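Indexing begins at 1, ligand by ligand and atom by atom, following the structure's order. These numbers come from a predicted model, not from an experiment. The first residue in the sequence is number 1, and the count goes up from there.
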Amino acid sequence: MTGRIDVVTIFPGYLAPLELSLVGKARAAGLLTVDVHDLRDWTTDAHRTVDDTPFGGGAGMVMRPDVWGRALDEVLAAGADASRTVLVPTPAGEPFTQAMAEELALLLCAGGQLALACGRYEGIDARVAEHYQGTGEVTVREVSIGDYVLNGGEVAALVIIEAVARLLPGVIGNPDSLVEESHGSAGLLEYPVYTKPPGWRGLDVPEVLLSGDHGRIARWRRRRAVDRTAARRPDLIDALGPAQVRPARAADAEALAEVAGRTFPLACPASVPAADAAAFVAEQLSAEMFRRYLRDRRRHVLVAELAGAIVGYTMLAVGAPEDEQVRAAAPGAGAELSKCYTLEGFHGRGVSGALLAETLDLAARLRVDTLWLGVNQANERAQRFYRKHGFQRVGERTFTVGSRTEHDYVMARTLVRP
Ligand code: SAM
């Protein structure tokens with residue numbers, strides 16, 4: 001069944017792009033009917049007037065409801081047998097989203113009608129939307145394509161039609177290209193994309209994309225999509241809900257190494273040279289080391305995952321502390337919280353708190369009475385976080401990062417066994 005789109009405007013020429021590209025081809029192939037109408041065809045005076053001064057005063061002109069009423073009655077009659085939606089573009093409308101585009105595409109797929117009423121000047125008399133909604137025969141939606149003001153609804157109509165039409169079966173040659181797009185079901189922005197040549201102006205395509213390893217490529221893309229979304233649209237990250245905390249698996253080693261490599265240097269005080277932090281990461285936080293940690297029965301790694309990407313992790317090392325300084329500071333300690341890191345873009349979203357809460361639960365289940373950790377003396381943010389979660393400063397220790405000796409506080413807390 002072919003759906004139909006009707007656009008009513010005082011500038012039909014503005015909609016000429018609907019002849020082009022995918023929408024133009026879809027029309028030519030009979031996948032979609034699009035008719036553009038001149039609102040002035042429904043005027044009754046010699047000047048073909050569509051607007052008048054606003055009641056209540058103020059600047060600008062308002063579009064007359066009687067002209068719009070005649071136009072929409074006639075245009076909507078063409079879709080009388082099907083489900084009909086009138087879209088009124090306005091900066092004061094509900095935001096137009098991919099989810100709405102999908103709903104409207106479904107309406108068209110079912111043979112429905114979409115009528116777009118393009119306003120100009122100060123907009124259309126409010127009774128037009130009210131009237132059609134009140135008939136109960138059509139759905140009226142006042143929609144905004146963004147938080148800015150255009151001169152008229154034509155550009156908004158083009159945006160809406162293009163976003164909806166490309167979702168119709170047969171319009172896009174390869175429907176797979178719709179699957180991982182920004183604002184799709186994953187709720188993420190798309191990962192960055194690359195093509196030939198592999199090197200251009202000193203910039204190389206990421207090596208993983210040339211590897212042919214589909215699993216690695218998929219993980220890399222998911223990682224970039226999540227990072228990009230956190231950096232550009234934290235609101236979308238919030239909409240994903242809380243991170244899921246789970247025990248790490250052997251297959252997480254590479255992802256853990258990446259997260260560790262990004263988080264460790266940021267937790268070091270500015271006095272630690274980048275080369276020393278990098279040396280520590282290479283020695284202690286490589287994928288190979290994580291593989292080892294994950295095989296070690298005395299170590300327990302928990303990860304926080306959002307939309308399939310690891311955004312934080314903790315590591316619990318069960319056993320009495322080896323370091324003399326720690327044994328003196330926290331006598332009877334049964335395990336170390338040896339790592340607790342969350343990627344920068346995910347701070348302040350409850351990820352670290354959820355990870356730590358699960359880790360404390362796990363330690364209690366493992367019958368640990370006292371848990372200790374070392375935290376750099378200059379890292380006050382981390383110390384505040386641990387205090388908030390019941391840790392207290394009990395002593396000091398020295399800690400080696402690359403070629404440097406760093407000074408840590410030892411913090412500890414007792415646990416209640418389940
Ligand atoms: N006075 C209106 C207001 O402040 O809400 C703005 C009217 S605007 C100058 C004229 C027309 O442009 C609107 O009736 C609407 O059709 C269109 N328009 C402007 N900005 C838009 C947006 N962000 N989304 C959708 N349509 C928009």
*Asks:* Give the residue, atom name and distance (to 0.1 Å) of the protein heavy atom nearest atom 26 (N) of ligand 1.
*Replies:*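 I find the closest protein heavy atom is Thr90 N, 3.3 Å.
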*Asks:* Give the residue, atom name and distance (to 0.1 Å) of the protein heavy atom nearest atom 23 (N) of ligand 1.
*Replies:*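 Minimum-distance protein heavy atom for atom 23 (N) of ligand 1 reads Tyr148 O, 2.8 Å.
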*Asks:* Look at Arg292 together with Asp296 and state whether they make a salt bridge at an N to O cut-off of under 4.0 Å.
*Replies:*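 A salt bridge is absent here (no side-chain N lies under 4.0 Å from a carboxylate O).
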*Asks:* Got the closest protein heavy atom to atom 20 (N) of ligand 1, with its distance?
*Replies:*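 Atom 20 (N) of ligand 1 sits closest to the protein heavy atom Leu150 N, 2.9 Å.
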*Asks:* Using 0.5 Å steps for rounding, measure from the CG atom of Leu189 to the CZ atom of Arg232.
*Replies:*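 Nearest 0.5 Å value for the CG-CZ distance: 7.0 Å.
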*Asks:* Please work out which of Pro89, Ala117, Cys118, Gly119 has its closest non-hydrogen atom nearest to atom 15 (C) of ligand 1.
*Replies:*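 The nearest heavy atom belongs to Pro89.
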*Asks:* For ligand 1, find out whether one of its N or O atoms is nearer than 3.5 Å to an N or O atom of Ile124.
*Replies:*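 No, there is no polar N/O contact under 3.5 Å.
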*Asks:* Can Glu74 and Arg70 be counted as an ion pair, charged N to O under 4.0 angstrom?
*Replies:*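 Between Arg70 and Glu74 there is no salt bridge, as every charged N stays at least 4.0 Å from the carboxylate O atoms.
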*Asks:* Which ligand 1 atoms are under 4.0 Å away from a heavy-atom of Gly146?
*Replies:*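 Close to Gly146: 23 (N).
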*Asks:* Can you say whether the rings of Tyr293 and Phe290 are parallel (under 30°), tilted (30 to 60°) or perpendicular (over 60°)?
*Replies:*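 Tyr293 and Phe290: perpendicular rings.
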*Asks:* Without placing hydrogens or testing angles, list every side-chain donor-acceptor pair under 3.5 Å for residues 335-344, not counting sequence neighbours.
*Replies:*
from: Thr342; atom 1: OG1; to: Ser352; atom 2: OG; distance (Å): 2.7

*Asks:* Give the atoms of ligand 1, by number and element, whose distance to some non-hydrogen atom of Val149 is under 4.0 Å.
*Replies:*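 Within the 4.0 Å cut-off of Val149, ligand 1 contributes 8 (S), 9 (C), 20 (N).
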*Asks:* Salt-bridge test for Arg393 and Asp408: reply yes if a basic N is under 4.0 Å from a carboxylate O, no otherwise.
*Replies:*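 Salt bridge: no.
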*Asks:* Which ligand 1 atoms are under 4.0 Å away from a heavy-atom of Ser144?
*Replies:*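 By the 4.0 Å cutoff, the relevant atoms are 23 (N), 24 (N), 25 (C).
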*Asks:* How long is the straight-line distance from CD of Gln244 back to CD of Glu305, given to the nearest 0.5 Å?
*Replies:*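 Taking CD in Glu305 and CD in Gln244, the distance rounds to 8.0 Å.
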*Asks:* With respect to atom 14 (O) of ligand 1, which of Gly123, Gly60, Ala156 exhibits the smallest heavy-atom separation?
*Replies:*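 Of the listed residues, Gly123 has the closest heavy atom.
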*Asks:* Could you check which of Pro91, Gly58, Pro54 puts a non-hydrogen atom nearest to atom 18 (N) of ligand 1?
*Replies:*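 It is Pro91 whose heavy atom sits nearest to atom 18 (N) of ligand 1.
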*Asks:* Hey, is Val143 one of the residues with a heavy atom under 4.0 angstrom from ligand 1?
*Replies:*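 Flag set, Val143 near ligand 1.
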*Asks:* Looking at Tyr121, which atoms of ligand 1 are within less than 4.0 Å of one of its heavy atoms?
*Replies:*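 Close to Tyr121: 7 (C), 8 (S), 9 (C), 10 (C).
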*Asks:* Going by an N to O cut-off under 4.0 Å, is there a salt bridge joining Arg291 and Glu288?
*Replies:*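 So Arg291 pairs with Glu288 through a salt bridge.
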*Asks:* At what distance is the nearest protein heavy atom to atom 2 (C) of ligand 1, and which residue and atom is it?
*Replies:*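 For atom 2 (C) of ligand 1, the nearest protein heavy atom is Glu122 O, 3.9 Å.
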*Asks:* Got a salt bridge between Glu207 and Arg216, using NZ or NE/NH1/NH2 to carboxylate O under 4.0 Å?
*Replies:*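 Result for this pair is yes, salt bridge flagged.
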*Asks:* In terms of atom number and element, which parts of ligand 1 are under 4.0 angstrom from non-hydrogen atoms of Asn151?
*Replies:*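 Those of ligand 1 that fall under 4.0 Å from Asn151 are 10 (C), 11 (C), 12 (O).
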*Asks:* Provide, to 0.1 Å, the distance between atom 24 (N) of ligand 1 and the closest protein heavy atom, together with that atom's residue and name.
*Replies:*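 Going atom by atom, the protein heavy atom closest to atom 24 (N) of ligand 1 ends up being Ile145 N, 3.0 Å.
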*Asks:* Between Tyr191 and Arg224, is there a cation-pi geometry (under 6.0 Å to ring centre, at most 45° from the normal)?
*Replies:*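 Checked: cation-pi criterion not met.
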